[in-house]
Amino acid sequence: MRTAVFVSALALAAVVLTPVAASASKEPTPAPTVDYPVDVNGLGGLALETVPYGSHKRQTMDVWWTPDGQERPGVFVIHGGWWSSGDKKSMKEIARGYADMGYTVFNLNYRLSGDAAWPAQRADAVAAIALARKNADQWAFDPGNYVVVGFSAGGHIAAAVGTYGDGINGLKGVVGMSPIISPLRAYSDGEKTTDAAKRKLRTAAIKLAGCGAPKGKCSRVWASMEVAWHASAKDAPMLTVHSDKEFVPPVQSQLLKKMMGQVGVPVTVITAPGVNHSTEVYREPGMAERVQAWIAGRIG
């Protein structure tokens, strides 16, 4: 079952919301290279590898795991950066934190909007998950028990993975920190505002679409980017966090909660006071612990 939202303000009522296929990269054989001072054999407790999941230079992920023979739940981390910038290095501290908690952690890079238009970013995340599950034994990873955590634009990618197809095997939950749930809403909000961040987000969403404004043939791509429009009963539960006055407002996640609720999938929306965004709101006192508790409730 698929759901759709009527968006008269953007003249998309007549768009047929046919999901755009995301051709996941062919799963390569891992060729690890160590790029941090952590013993690849895990003699210090944790092991770390950087592995490719595709042929593009951005299609790599850092894998943190404990080589003790115990199968562990997984956490996939997706960085933000307006879809056009950023790097997994910015997530190193957060990724290491989840590894220290006992999870196997996959910290992803993905093709940016300057490398490829949507849905390449979602396809990359799906491909990375597929490779991790295929090689689960190598990284002491339980392929049937993992979550995806995304920040800002990475939150959009994470949430889009959560509503992709009829559910992804093993995905137990999605966390979005200031996720752009609706690029269409970002496009509309950034049109006449004086808020520089909202204007920048509008421009970033246009670049992500790769075909211009949400009209004509480009409408189909924009429809594909809308997370809530692809809600189905087998999707993973989600947790989203926004500050009440930030440039990605909580109303984006409220739309997701409504649409997911119609197909019986729970969405929890946390709203914090202030303007902090993405990693800034994650680092507010007590917030990381709330997120971690939710994840533990999903995968242990």
Among residues at least two apart in sequence or on other chains, which ones pass ring pair (Phe, Tyr, Trp, His ring centres under 6.0 Å) with F151? Y282
Could you tell me whether D100 and R96 have a side-chain N and a carboxylate O separated by less than 4.0 Å? yes
Residues at least two apart in sequence or cross-chain that pass side-chain contact (heavy atoms from CB on, under 4.5 Å) with A116, listed by chain then number, are R111, A120
All pairs passing disulfide (SG to SG under 2.5 Å) where residues 228-299 contributes a residue, at least two apart: none
Sequence neighbours excluded, which residues qualify as ring pair (Phe, Tyr, Trp, His ring centres under 6.0 Å) partners of H242? none
Can you list the residues that meet the salt bridge (Lys or Arg N to Asp or Glu O under 4.0 Å) rule with E93, with sequence neighbours excluded? R283
Measure from the side-chain N and O atoms of Y98 to the backbone N and O of W64, and report whether any donor-acceptor pair falls under 3.5 Å. no
The ring pair (Phe, Tyr, Trp, His ring centres under 6.0 Å) partners of W82 (sequence neighbours excluded) come to F247
I need the full list of disulfide (SG to SG under 2.5 Å) pairs touching residues 157-200, with sequence neighbours left out, sorted by first then second residue. none
Does the pair K198/D189 count as a salt bridge with the N-to-O cut at 4.0 Å? no
Closer than 3.5 angstrom, by distance alone: can the side chain of N145 be matched with the main-chain N or O of I299 as a donor-acceptor pair? yes
In short, disulfide (SG to SG under 2.5 Å) pairs touching residues 167-239 with sequence neighbours left out are C211-C218
F106-F141 aromatic ring centre distance below 6.0 Å: yes
Pairs flagged by disulfide (SG to SG under 2.5 Å) wherever residues 84-150 is involved - sequence neighbours left out: none
Quick test of your reading: applying ring-ring contact (aromatic ring centres under 6.0 Å, His included), list the pairs with at least one residue in residues 192-216, sequence neighbours left out, ordered by first then second residue. none
Salt bridge check, D87 against R58: does any charged N sit closer than 4.0 Å to a carboxylate O? yes
Aromatic Y103 / basic R72 pairing, under 6.0 angstrom, 45° off normal: no
Can you list everything that forms a side chain to side chain donor-acceptor pair (under 3.5 Å) with N276? Sequence neighbours excluded, please. E284
Return the set of residues passing side-chain contact (heavy atoms from CB on, under 4.5 Å) with S152 (not counting sequence neighbours), or none when no residue passes. I180, H277, S278
